Engineer: 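Pasting a structure here, questions to come.
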Amino acid sequence: MFFKNLTFFRFPTAVDFSEVDTLLPHALLRDVGPLEMHSRGFVSPYGREEKEQFSQRQGDALWLAVGAQEKILPAVVVNDLVARKVEEIEEKEARRPGGRERKRIKDDLLHELMPRAFVKASRTDALIDLQHGYIAVDTSSRKTAENVVSDVRGLLGSFPAMPLNAEIAPRSILTSWIAGEPMPAGLELGEECELKDPMDGGAVIKCQKQELRCAEIDKHLDAGKQVTKLALTFEDNLSFVLGDDLIVRKLKFLDGALDQLEDSEGEGRRVELEARFALQSGEIRRLFQILEEAFKLSRADA
């Protein structure tokens, strides 16, 4: 298990997580009911088959996972059944049902279909760094990440986590890097970027598998375009695409990091998951510290 995306939020380091293991058993995911459309709750990072340990903590790094179940009732199917029912009434009673009756028909059909609907299961993992006061959610969707933060807030009773706040405009920093200005130690340009004209409705240029320090890119920069997404590598350990929303996408752990797993002791799935968590929590912490300095990220404690 390695995170593939990182959406960060900051929170005060004074937040108390000491009761997490006591609280988690009361906030677990339950199977969605026959007449329910969805259900959310925490699951064990080791998988739903784990019935005793619902978090993983190593030092100041805490791993939580939120599970969800959602009934799949395609709108096109429901609307088609409603239309058939309306046609049936028209033929038998020679009248067309009004809006209120059509709504009742739809509600009745939903109650009839829900117990037989397919259930889609999902899971979203989160890494909480208690020392540096950030939570990294494994998603590129801001809404999904905010839902996980809300789940943690519901678990603790209070969790004042906020999106990252950069004192320097991220676009200006990303644009300066691709223009050749010095980058933080350990960071190097990858082979992917997105440039946008700052004017509303302006041109968007997407480059992949291309050397980014070249005359073609320089022409776009000279025309006033700004970088909104930029592929980067961190030492030989990580590769990713960083957006001007400060969301890390396409995160990959490279050989420089994976080689460290060869030194881990023990066998079995649990041991492997814990070794991977220790590795990625350390690498994500180092990456966050780089981003914190480069973009002058505000602390939640301030």
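These numbers come from the heavy atoms of this one structure, side chains and all, not from hydrogens, waters or symmetry mates. Predicted model only: the values in this text are computed from it and were never measured.
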Engineer: What are the two closest heavy atoms between K71 and P34, and how far apart are they?
Structural biologist: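 Residues K71 and P34, closest heavy atoms: NZ-O, 3.2 Å.
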Engineer: Does this structure show an ion pair linking K120 with E70, if we count only N-O contacts that are shorter than 4.0 Å?
Structural biologist: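 E70 and K120: not salt-bridged.
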Engineer: Does one side chain, of Q210 or Q208, offer a donor that lies under 3.5 Å from an acceptor on the other?
Structural biologist: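 Q208 and Q210 do not have a side-chain donor-acceptor pair below 3.5 Å.
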Engineer: I'd like to know if R276 and E272 make a salt bridge, using a cut-off of under 4.0 Å between side-chain N and carboxylate O.
Structural biologist: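 So R276 pairs with E272 through a salt bridge.
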Engineer: Which atom pair, heavy atoms only, marks the closest approach of P160 to V15?
Structural biologist: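 Minimum heavy-atom separation between P160 and V15: CD-CG2, 4.1 Å.
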Engineer: With a 4.5 Å limit on heavy-atom distance, are the side chains of L279 and L261 in contact?
Structural biologist: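 A side-chain contact exists here, since the closest heavy-atom pair is under 4.5 Å.
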Engineer: Flag the pair D129 and R285 as a salt bridge only when some basic side-chain nitrogen lies within less than 4.0 angstrom of an acidic carboxylate oxygen.
Structural biologist: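 Yes, this pair counts.
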Engineer: Are K296 and E292 ion-paired here, with the side-chain N under 4.0 Å from a carboxylate O?
Structural biologist: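 Here K296 does not pair with E292 in a salt bridge, since their nearest N and O are not under 4.0 Å apart.
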Engineer: Is there a donor-acceptor contact under 3.5 Å from the side chain of N79 to the main chain of A75?
Structural biologist: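 Present.
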Engineer: Mind checking whether L254 and L238 have side chains closer than 4.5 Å, heavy atoms only?
Structural biologist: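 Answer no - side chains too far apart.
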Engineer: Is a side-chain donor or acceptor of K225 paired with a backbone partner of D197 at a separation under 3.5 angstrom?
Structural biologist: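 Such a contact is absent between K225 side chain and D197 backbone.
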Engineer: What I want to check is whether the side chains of Q289 and H132 have a donor and an acceptor closer together than 3.5 Å.
Structural biologist: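 On atom types as modelled, these side chains qualify, holding a pair under 3.5 Å.
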Engineer: Can you check ring pair (Phe, Tyr, Trp, His ring centres under 6.0 Å) on F159 and F9, steps first, answer last?
Structural biologist: CA-CA 11 Å; F159 186 51; F9 295 80; 8.7 Å; no
Engineer: Can the ring centres of F2 and F253 be said to be less than 6.0 Å apart?
Structural biologist: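 Yes - the distance between ring centres of F2 and F253 falls below the 6.0 Å cut-off.
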Engineer: Using a strict 4.0 Å threshold on nitrogen-to-oxygen distance, state whether E283 and R286 make a salt bridge.
Structural biologist: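 Looking at R286 together with E283, the answer is yes, because their closest N to O distance falls below 4.0 Å.
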Engineer: What is the minimum heavy-atom distance between Q69 and V119, and which atoms define it?
Structural biologist: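 For Q69 versus V119, the nearest heavy atoms are CB-CG1, 3.8 Å.
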Engineer: Which one of I178, V241, D244 satisfies the side chain to side chain contact (heavy atoms under 4.5 Å, CB included) criterion with L230?
Structural biologist: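 For L230, the side chain to side chain contact (heavy atoms under 4.5 Å, CB included) test succeeds with only one of I178, V241, D244, which is I178.
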Engineer: Checking the side chain of Q53 only, and the main-chain atoms of S44 only, is there a donor and an acceptor separated by less than 3.5 Å?
Structural biologist: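 Here the side-chain-to-backbone pair does not exist.
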Engineer: Please confirm whether the backbone N or O of D218 pairs with a side-chain atom of R213, one donor and one acceptor, at under 3.5 Å?
Structural biologist: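 Pair absent, no side-chain N/O of R213 close to backbone of D218.
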Engineer: Check for me whether R270 meets the cation-pi criterion with Y46, that is, NZ or CZ under 6.0 Å from the six-membered ring centre and within 45 degrees of the ring axis.
Structural biologist: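 Output yes; distance and angle both within limits.
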Engineer: With the threshold set at 4.0 Å, does a side-chain nitrogen-carboxylate oxygen contact exist between R84 and E87?
Structural biologist: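 Salt bridge between R84 and E87, a charged N being under 4.0 Å from a carboxylate O: no.
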Engineer: Please tell me whether T228 and E194 have a donor and an acceptor in their side chains that are separated by less than 3.5 angstrom.
Structural biologist: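 Judged by distance alone, the side chains do pair up.
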Engineer: If you take all heavy atoms of L6 and A136, which pair is closest and at what distance?
Structural biologist: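 Nearest pair, atom of L6 first, then A136: CD2-CB, 4.0 Å.
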Engineer: For the pair D151 and R153, find out whether any cationic side-chain nitrogen is under 4.0 Å from an anionic carboxylate oxygen.
Structural biologist: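 No, D151 and R153 are not salt-bridged.
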Engineer: Do the ring planes of W63 and F277 sit parallel (below 30°), tilted (30 to 60°) or perpendicular (above 60°)?
Structural biologist: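 Parallel, since the angle between the ring planes stays under 30°.
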Engineer: Any donor-acceptor pair under 3.5 Å linking the side chain of S281 with the backbone of A61?
Structural biologist: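 Flag not set: sc S281 to bb A61 has no pair under 3.5 Å.
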Engineer: Taking all non-hydrogen atoms of both residues into account, name the closest pair between I89 and I105 and its distance.
Structural biologist: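 Looks like CD1-CD1, 3.7 Å.
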Engineer: Looking at E49 and R269, is any side-chain nitrogen of the basic one under 4.0 Å from a carboxylate oxygen of the acidic one?
Structural biologist: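 Yes, R269 and E49 are salt-bridged.
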Engineer: Would you say that R30 contacts E36 through its side chain, given a criterion of any heavy-atom pair below 4.5 Å between the two side chains?
Structural biologist: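 A side-chain contact under 4.5 Å exists here.
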Engineer: Any salt bridge between K4 and D138, counting N to O under 4.0 Å?
Structural biologist: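 Here K4 does not pair with D138 in a salt bridge, since their nearest N and O are not under 4.0 Å apart.
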Engineer: Between the side chains of S39 and D31, does any donor sit under 3.5 Å from an acceptor?
Structural biologist: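 Their side chains do not contain a donor-acceptor pair, so the 3.5 Å distance test is not met.
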Engineer: Specify the closest pair of heavy atoms between L28 and P25, including all atoms of both residues, with the distance to one decimal.
Structural biologist: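 Of all heavy-atom pairs spanning L28 and P25, the closest is CG-O, 3.7 Å.
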Engineer: Show the numbers, then the answer: is there a ring pair (Phe, Tyr, Trp, His ring centres under 6.0 Å) between F288 and F8?
Structural biologist: CA-CA 9 Å; F288 183 82; F8 289 104; 5.1 Å; yes
Engineer: Check the pair E101, R95 against salt bridge (Lys or Arg N to Asp or Glu O under 4.0 Å), reporting the backbone distance first and the verdict last.
Structural biologist: CA-CA 12 Å; E101 185 176 1; R95 66 180 183 85; 2.9 Å; yes
